Amino acid sequence: MILVLIGIFVRFIPYITKKHDIQNAIFLVIGTVGTLFFMISSANTGALTVWAVYILFLLLTVILDDRVSAILFTVICAVMQVSFWIAYPKVSVTIDGNQYLTRIIIIMLSYLIVRYLTIEYALKVKDYNRFAREKEILERISSSFISINKENAKEKIDNMFEMADEILEFSYAYIIEFGEDYENATILNTCAKNLESESFPFHPGMRVKTATLPMVKLLIDQDIQMICEDTTNIFTYGGDEQKDFFSSRGINSFFALPIKIDQKIQGIIVIEYNDRMDLSLAEGRLYLLKIVVNILGDAKKKILYEERLYNFAYFDEATKLANRNMLKKRLKQIINKRKGAEKIAVLNIKLENLTMINDTFGHSVGEQIIIKSATILKNLFEDSYNIARSSEENFVVILPTVENTKQIKKCANKILDSFSHPLSTETGIEALFVVVRIGISVYPDDGRDADTLLKNSDLALFDAKNTNEEIIFYTERLETHIVENTLLTNRLFKALQNEEFFLEFQPQISCATGKTIGVEALLRWKTDGNKRVSPERFIPILEQTGLIYDVGLWVLEQTLQEHNRLIAKGFPPLRFDVNLSVRQFQEKNLIPDFIKIIEESGVDPKYIELEITESLFFENLEDVSEKLYKLKELGVGIAIDDFGKGYSSLSRLNLIPFDRIKIDKDMIHYIDLETKRVTITEVIILLAKAFNARITAEGVETKEQVDFLKEIHCDEIQGHYYSKALSAEKLEEFLKRNDTRV
């Protein structure tokens, strides 16, 4: 009876404690005490039968899976036997019914223990196989997710559900992704055993209100994992509303675990069962789900990171339009898909005055202009797929199917018209006009690959800027012209050092006396073996490269030397005019450098006149005005050159000091043909008188023009009628003929 009680007690050791060390200690104590009890109680018979009881205890050590306890128990039993051997070296026994009965009990117990061991072993093998299968499935899932990306994510997760189902054995499974505010959610993936079941209401891509998913609020608010073994007793997770959500669909148990990215809940995975949960399997399933959730979180993080890299590489952050990299990819695709004689037009659009807007109002306003401009283009073209922001100031529009140049021009003019109104930036400043220029290249005439088409549209845009045109189509002549300009630019950097520049001088004649009273110094350049380059070609390059500043100082210095040379030869002092560019005015050392050159020359400043253009007024007017007043303080004169050529602003004229207005040659050239030009010229002269300034007319070529200008009281005339631009030697001869020698 005691043996049976000990066996029953041993059977329940695993339920007394889960700690193996304590289990082994209890078993060792019971085994030792039990064996010792049987040996002592049967000492008078030498433990004829019950000595074998210790074998039963050894068999039970298999359950505990403890080699140390088995060895220790064996040693104790051996010591007991030796001890009894010494104490009772010889014992006479009689075998009776009790002995036989004891043997039968030991045999039966041995059978029961062996069967128990067999079951336990089978369970351990089953658990091991299950563990091995779980590990294998997790490795397959993990390996599958290594290559996950945005395109194959759905397929990978669907496969994950199929693999996980081998262990989880669920009825339904789905993944929900939350919006930023958690108000809306999207069903990403689903897996249902019975696809035709009406009890499963979700499908991939379905958008739902988060409020319709009762378990979600608790999951988000408390950031917990939810396990429900029985949905009929669901009070812990939200009561009747949640109970109805599951029971109405025949769901009796479920898991719901949050999917996190950087500690923020991005979604949940839900595993549902039609049956109540087997508690013996719940822990293993939860362990597997936790690992799956971690894999899903890492996968989503990888996809988001790749998306950010992709967007950074191929899209503009401010406008969300394609950038130049994506533009090239799309243009290549369009070229490859082209059919028959279809043409492809590339329109390169530049916001000409964006830099000025940034400098004047700040980059935040400039960015608003960029965004507004992008919106205009998106609204203008139905397919924004073919619009890109190719650089800070540029957009590119691809017209994938055009028939002729007329169609392209029509589209380009629509773009210009769209920017004809000022853009409101909602930043508290007035609406701003944006100046737009467009360079155009056409496939296949101007290139048969994306790089060539984009390069040629850039060249066309570059020419549009230089020629002040709004729309320019690429031509081979244009490219030749730009290549020549590039070569000229390289040569200009050494032109001053190589003494390739020289000056010519054009006399200015008084209408009252007919005598020379002034001279304009004009910059000239010879390069490539005494080959002259037109000022219209090289002066804009000097402006763009900034070389104009040093060259301008050289011009002033050489002009004053010529002034002194003429005086040394006996000529009376003449006023010498020197052109001053916008680019020179932007240099902070302009005033001290001019003062130094004038003082070193010894020329009286009243014989120096600096010519500026009206475009200077549209820069930083305050800075321009300040520098002009400082120049006036030196005693030099200020002349406004090319007056009437562009937009004249009377209000700005009132803010700056000037002594002379020079009427643009184009106004004079058409005096004989257009009455309107005659009237404007008269108005300009009256305007100059009102400002107490003198008037010089440029580009005078005919006697009729001279007579007209004298008639309307113009002060001076400059042009080929009297003399073209002259070298220093020929100027001296002209002055002699003009009787200006003392």
Side-chain angles (χ1 to χ4, degrees), residues 501-511 513 515-524 535 539 542 548 551-567 571-585 590 593-594 597-598 601 603-616 627-628 631-632 634-645 656-665 667-668 684 688 691 693-700 709 714-728 730-732 734-735 738 740:
F501 291 120
F502 64 97
L503 297 182
E504 288 186 337
F505 305 91
Q506 189 168 35
Q508 297 166 336
I509 310 301
S510 170
C511 289
T513 65
K515 303 297 183 182
T516 302
I517 59 173
V519 177
E520 180 179 1
L522 300 169
L523 180 64
R524 299 292 185 258
I539 288 181
L542 290 176
I548 191 67
V551 174
L553 295 178
W554 179 86
V555 169
L556 177 63
E557 186 177 356
Q558 295 300 311
T559 299
L560 299 185
Q561 288 181 12
E562 177 63 16
H563 178 276
N564 289 336
R565 189 183 70 80
L566 289 174
I567 290 177
F571 290 96
L574 296 174
R575 183 189 72 246
F576 273 73
D577 287 16
V578 176
N579 289 284
L580 191 59
S581 77
V582 174
R583 185 68 179 80
Q584 286 173 277
F585 244 84
L590 175 69
D593 285 344
F594 268 45
I597 291 173
I598 292 172
S601 71
V603 175
D604 190 334
K606 70 179 182 179
Y607 294 114
I608 304 171
E609 189 169 78
L610 302 176
E611 296 187 8
I612 61 175
T613 60
E614 289 180 280
S615 60
L616 189 65
K627 287 179 178 177
L628 286 175
L631 290 171
K632 285 290 293 178
L634 295 176
V636 303
I638 303 295
I640 300 176
D641 196 15
D642 299 333
F643 194 85
K645 182 177 183 179
I656 62 169
F658 64 95
D659 304 283
R660 181 182 308 280
I661 288 178
K662 298 187 74 175
I663 303 174
D664 184 65
K665 60 185 178 181
M667 297 291 299
I668 304 301
I684 292 174
F691 278 97
R694 298 184 66 79
I695 282 286
T696 299
E698 294 184 291
V700 179
L709 291 168
C714 180
D715 296 314
E716 297 174 10
I717 291 174
Q718 177 180 339
H720 287 185
Y721 179 77
Y722 285 107
S723 174
K724 62 180 182 179
L726 304 170
S727 64
K730 290 187 177 180
L731 173 63
E732 187 176 337
F734 178 85
L735 294 177
N738 198 242
T740 55

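None of these values were measured; they are calculated from a predicted model. Residue numbers run from 1 in the order of the sequence given.
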Please name the pair of heavy atoms, one in Ile668 and one in Gly699, separated by the smallest distance, quoted to 0.1 Å.
CG2-O, 4.1 Å
To the closest 0.5 Å, what do you measure between CD (Gln584) and CD1 (Ile548)?
5.5 Å
Any donor-acceptor N or O pair under 3.5 Å, side chains Glu520, Gln506
no
Ring-plane angle category for Phe505 and Phe576, please: parallel below 30°, perpendicular beyond 60°, tilted otherwise.
perpendicular
Might you work through the salt bridge (charged side-chain N to carboxylate O under 4.0 Å, His left out) test for Glu732 and Arg565, ending with a clear yes or no?
CA-CA 10 Å; Glu732 187 176 337; Arg565 189 183 70 80; 3.2 Å; yes
Side chains of Phe691 and Ile661 in contact at under 4.5 Å (non-hydrogen atoms):
no
For Leu580 and Leu590, run side chain to side chain contact (heavy atoms under 4.5 Å, CB included): C-alpha distance rounded to whole Å, both residues' side-chain angles, the deciding distance at 0.1 Å, then the answer.
CA-CA 10 Å; Leu580 191 59; Leu590 175 69; 4.1 Å; yes
Could you report the tightest heavy-atom contact between Ala725 and Glu504, atom names first, then the distance?
CB-OE1, 3.6 Å
Which heavy atom of Pro507 sits nearest a heavy atom of Lys724, and at what distance?
CD-O, 4.1 Å
Under 4.5 Å between any side-chain heavy atoms of Tyr722 and Thr516, yes or no?
no
For residues Lys730 and Leu726, report the shortest heavy-atom separation together with the two atoms involved.
O-CD1, 3.8 Å
State whether the side chain of Asn564 and the backbone N or O of Ser601 hold a donor-acceptor pair below 3.5 Å, judged by distance alone.
yes
Could you give the distance from CG (Leu634) to NZ (Lys606), rounded to the nearest 0.5 Å?
15.5 Å
Could you tell me the separation between the CZ atom of Arg660 and the OG1 atom of Thr696, rounded to the nearest 0.5 Å?
4.0 Å
If we only count heavy atoms from C-beta on, is the Ile517 to Glu716 side-chain gap below 4.5 Å?
yes
Could you give the distance from CD1 (Ile638) to CG (Leu610), rounded to the nearest 0.5 Å?
5.0 Å
Intermediate values then yes/no, salt bridge (charged side-chain N to carboxylate O under 4.0 Å, His left out), Glu609 and Lys662:
CA-CA 12 Å; Glu609 189 169 78; Lys662 298 187 74 175; over 6 Å; no
Got Leu542 and Leu523 here, is their nearest side-chain heavy-atom distance under 4.5 Å?
yes
Nearest-0.5 Å distance, CE of residue Met667 to CG of residue Asp642
12.0 Å
Derivation of the side chain to side chain contact (heavy atoms under 4.5 Å, CB included) call for Thr613 and Phe643:
CA-CA 7 Å; Thr613 60; Phe643 194 85; over 6 Å; no
Does some side-chain heavy atom of Phe585 sit less than 4.5 Å from a side-chain heavy atom of Leu628?
yes
With a 4.5 Å cut-off on side-chain heavy atoms, are Asp577 and Asp641 touching?
no
Between Ile509 and Tyr721, does the side chain to side chain contact (heavy atoms under 4.5 Å, CB included) criterion hold? Intermediate values first, please.
CA-CA 10 Å; Ile509 310 301; Tyr721 179 77; over 6 Å; no
Of Leu503, Leu522, Leu556, which is the lone residue that meets side chain to side chain contact (heavy atoms under 4.5 Å, CB included) with Val578?
Leu556
To the closest 0.5 Å, what do you measure between CD1 (Ile597) and CG (Leu553)?
4.5 Å
Among Asp593, Ile608, Asp604, Leu631, find the one that has a side chain to side chain contact (heavy atoms under 4.5 Å, CB included) with Ile598.
Ile608
Run the numbers on Phe658 and Ile612 for side chain to side chain contact (heavy atoms under 4.5 Å, CB included), then give the verdict.
CA-CA 10 Å; Phe658 64 95; Ile612 61 175; over 6 Å; no
